[in-house]
Protein chains: 2
Amino acid sequence: MAATIRDVARLAGVSPSTVSRALSVPGMVNAATRARVAAAVEQLGYEPNRAARGLITGRTGTIGLVVPDLANPFFASVTKGVQARARRHDVAVFVADTDEDPAAEAGLVRALSKQVDGVVLCSPRASDDELAAIAQDTTVVLVNRNAAGLPGITYDNEDGMRQAVAHLVALGHRRIAWVGGPATSWSTLHRGVGLRNAVEALHAELAPVGNFAPTYEGGMAAADQVVATGATAVVAYNDLVAIGLLARLHSRGISVPGELSVVGVDDIAMSRMARPALTTVRLPKQETGRLAVELLLALLDDPEAAQIAGSQEPLHGELIVRESSGPAPQK
Amino acid sequence: MAATIRDVARLAGVSPSTVSRALSVPGMVNAATRARVAAAVEQLGYEPNRAARGLITGRTGTIGLVVPDLANPFFASVTKGVQARARRHDVAVFVADTDEDPAAEAGLVRALSKQVDGVVLCSPRASDDELAAIAQDTTVVLVNRNAAGLPGITYDNEDGMRQAVAHLVALGHRRIAWVGGPATSWSTLHRGVGLRNAVEALHAELAPVGNFAPTYEGGMAAADQVVATGATAVVAYNDLVAIGLLARLHSRGISVPGELSVVGVDDIAMSRMARPALTTVRLPKQETGRLAVELLLALLDDPEAAQIAGSQEPLHGELIVRESSGPAPQK
DNA sequence: TTGAAAGCGCTAACAA
DNA sequence: TTGTTAGCGCTTTCAA
């Protein structure tokens, strides 16, 4: 059986309250006593029971992380970041995968909310109302979107798209296709806006081909429509979609970047390994997770900080140029 | 503030213990009372406080999952499986990523073990002794290896390798290279043995090229040595390595499968997307996670079941033939 | 600076 | 079948 605070107290010759104080408010206890307690703790290998502590403090020392799909490399990276940073703060992470089912989300968060101090929520598709309802239950930090005044870590999608378009226009492309992700996705919306602004500013034109699943299959499905637009370059919702495009274009014998340049978003590991290697807007995925944790913990310590949280700067993407983009074909 | 068991008791006009019983041992309480309790629970949206319950039962309703790298698609899938099955049992999952650092593992598990009922441990490289030490602290289920009599979910690596070799030999290959993973990895060991047995049985020969990191980079690094063996086919430790091989072979202008056939292990999503698409031994990754959870929970319910657990059948892989393997070149 | 006492929310004897 | 009582391990008043 693990040692309890009473065992430590007995061994150190003090009361349990003193042990408790020595551990959590060291300043309030005499240095000599503190040393005796420390020795006893060491000797017994004592670790405070978190459940018992939580019962009294109301804090569990645990946060939740809800993602649509752990097998999606983007979310895997975010999870990695969350998990690493949480550990630094000695906070445990409950992970829940919604299997891309936004309906499951609310229930999941509700169940989770009883057991955690707060939740990092990656929920690209939930409506603002749903998110607001969830935020009633527990402290929430959104990732990859911002909604209804909830604190969140976001990307400057507009700037990322501007970089992509600037690159393509410099290569001589004038007509750029855009394969959007799910219609309800916050990123689809903002990337679309960013592209429209960028093409306008650079006197190019945009050819949106609609909304597709944010997957390899989505890219396969979109490819023929992209070709039909007559565009010489295409920006895909994310790398998975871009890699799907690459596959279908290859099987149709359309050369990339010879006839069509392809640009993705995310820079997942797979993108470097694609053939041709994918030009993409790299998003700081792990950093996103780390910041989300910092923000959440700050919020828990001081709910008033929500104001500051609201005004967080979005993270910037960085264009990574690889082989899938090249000069526009001469007509 | 959330409703407590006393609130429910008051509303239902019974004692807290009755509420407790109605919830956890319904059989022991009168149907009518049970209904009143249920109504009160419903009305107040009552959810038992798990920390308080855990304090008394000694069970936290939480399990830990330790993996080397969440960004590795193999472990991401296992995690997905663990997480899905745990939820079904209303058990929460703490996830910890060791960042491929076996040294960090023991400490991590120790820290975790105070907060969970048991741990699913993916630890390809830890020594048997380390694992045994960890198992002192808490109930452990190993994934992807078995060691020191600890219960674990394993693969029949020998059979997987037999399938791969049978396929290659049928295509006319006689000399098959083998790119091993980390030297201390359980899978490296068993896949190596399986390959040796299989080539012997089929009168082919094996050309091992040594141990490499289980990554894309590892594959890139191994490629030239593979070519130097003069083999017409190569089996890689896993798909990541195989994809690295593909990349380097491509840049050296060596045609796959024309001059060299490549086979991986795992069947991660990326493999289908590789070019040429990768022939591989598909491992049931999510199933692995699910079984690990079932086994762990069974063990927790009845530690004696460890006997049964020890005799678990290994999971079988299944050869998926894609474009990266073809007939051996004619000399 | 320290200790005694109370109690967080729940379950598990033990009685009734 | 139900209620009473005690207590899980900890923190936090309150007094000393």
Side-chain angles (χ1 to χ4, degrees), chain A residues 1-41 44-62 90 92 111 113-117 300-301, chain B residues 1-41 44-62 90 92 111 113-117 300-301:
Chain A
M1 208 45 203
T4 77
I5 202 171
R6 310 184 64 125
D7 300 326
V8 176
R10 203 170 311 128
L11 185 59
V14 296
S15 78
S17 6
T18 301
V19 175
S20 173
R21 277 188 287 257
L23 262 35
S24 42
V25 220
M28 275 180 65
V29 51
N30 188 306
T33 328
R34 205 190 311 151
R36 289 222 310 290
V37 170
V41 164
L44 296 172
Y46 170 73
E47 284 268 3
N49 178 320
R50 297 205 182 206
R53 175 182 286 175
L55 205 49
I56 236 169
T57 60
R59 290 275 291 258
T60 59
T62 299
D90 202 24
S113 69
K114 310 285 178 182
Q115 304 179 59
V116 301
D117 297 330
L300 291 171
D301 276 348
Chain B
M1 209 40 206
T4 77
I5 202 171
R6 312 183 64 126
D7 299 327
V8 176
R10 203 171 309 127
L11 183 60
V14 297
S15 79
S17 10
T18 302
V19 175
S20 173
R21 276 188 288 258
L23 263 34
S24 42
V25 219
M28 276 180 63
V29 55
N30 187 305
T33 331
R34 207 191 310 152
R36 290 223 309 290
V37 170
V41 165
L44 296 172
Y46 170 74
E47 284 269 3
N49 177 320
R50 299 207 181 204
R53 176 182 285 174
L55 205 49
I56 226 165
T57 60
R59 290 276 291 258
T60 59
T62 299
D90 202 25
S113 69
K114 310 285 179 183
Q115 304 179 59
V116 301
D117 297 331
L300 291 171
D301 276 348

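Every chain is numbered from 1, with letters handed out A, B, ... down the list of sequences.
The side chain of B/S15 places an N or O atom within less than 4.0 Å of a non-bridging phosphate oxygen (OP1 or OP2) of D/dG3. OP1 or OP2 of C/dT2 has at least one side-chain nitrogen or oxygen of A/T33 nearer than 4.0 Å.
Within residues 17-27 of chain B, the residues having any heavy atom closer than 4.0 Å to DNA chain D are, in order of number, B/S17, B/T18, B/R21.
Atom CZ in A/R50 sits roughly 17 Å away from atom P in D/dG9 (whole-Å rounding). Remark: C1' of C/dT11 and OH of B/Y46 are 10 Å apart, rounded to the nearest angstrom. The CD atom of B/E47 sits 11 Å away from the P atom of C/dC10 (whole-angstrom rounding). Distance, A/I5 CD1 to D/dC8 C1': 14 Å, rounded to whole Å. Straight-line distance from the CG atom of B/N49 to the C1' atom of C/dG7: 14 Å, rounded to whole Å. What separates CZ of B/R59 from P of C/dA12 is a distance of 12 Å, to the nearest Å. Put simply, CZ on A/R53 is 18 Å from C1' on C/dG9, counting in whole angstrom units. Rounded to an integer number of Å, the gap from CZ of B/R6 to C1' of C/dT11 is 13 Å.
Closest-nucleotide positions on DNA chain D for B/G13 and B/I56 were compared, and the one nearer the 5' end corresponds to B/G13.
What you find for B/D7 and B/A2 is that their closest heavy atoms are OD2-O, 4.4 Å. For A/G61 against A/R50, the heavy-atom pair with the smallest separation is O-NH1, 3.9 Å. Shortest non-hydrogen contact noted between A/Y46 and A/T4 is CE1-C, 3.5 Å. Looking at every heavy atom in both residues, B/I5 comes nearest to B/P16 through CD1-O, 3.6 Å.
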Full working for side-chain contact (heavy atoms from CB on, under 4.5 Å) between A/V8 and A/L23: CA-CA 11 Å; A/V8 176; A/L23 262 35; over 6 Å; no

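Panel note: side chain A/D117, backbone A/R59; no donor-acceptor pair is recorded below 3.5 Å. Side-chain atoms of B/R34 never come within 3.5 Å of backbone atoms of B/A22 as a donor-acceptor pair (strictly under, hydrogens ignored).
A rotation axis mapping the C1' atoms of four pairs onto the next four is fitted at both ends of the helix from C/dT1-D/dA16 to C/dA16-D/dT1 over five pairs, and the angle between these axes is 40° to 10 degrees.
Side-chain polar atoms of A/S15 and A/T18 form a donor-acceptor pair below 3.5 angstrom.
Screening A/V29, A/V14, A/N30 for a side-chain contact (heavy atoms from CB on, under 4.5 Å) with A/V37, the sole residue that qualifies is A/V14.
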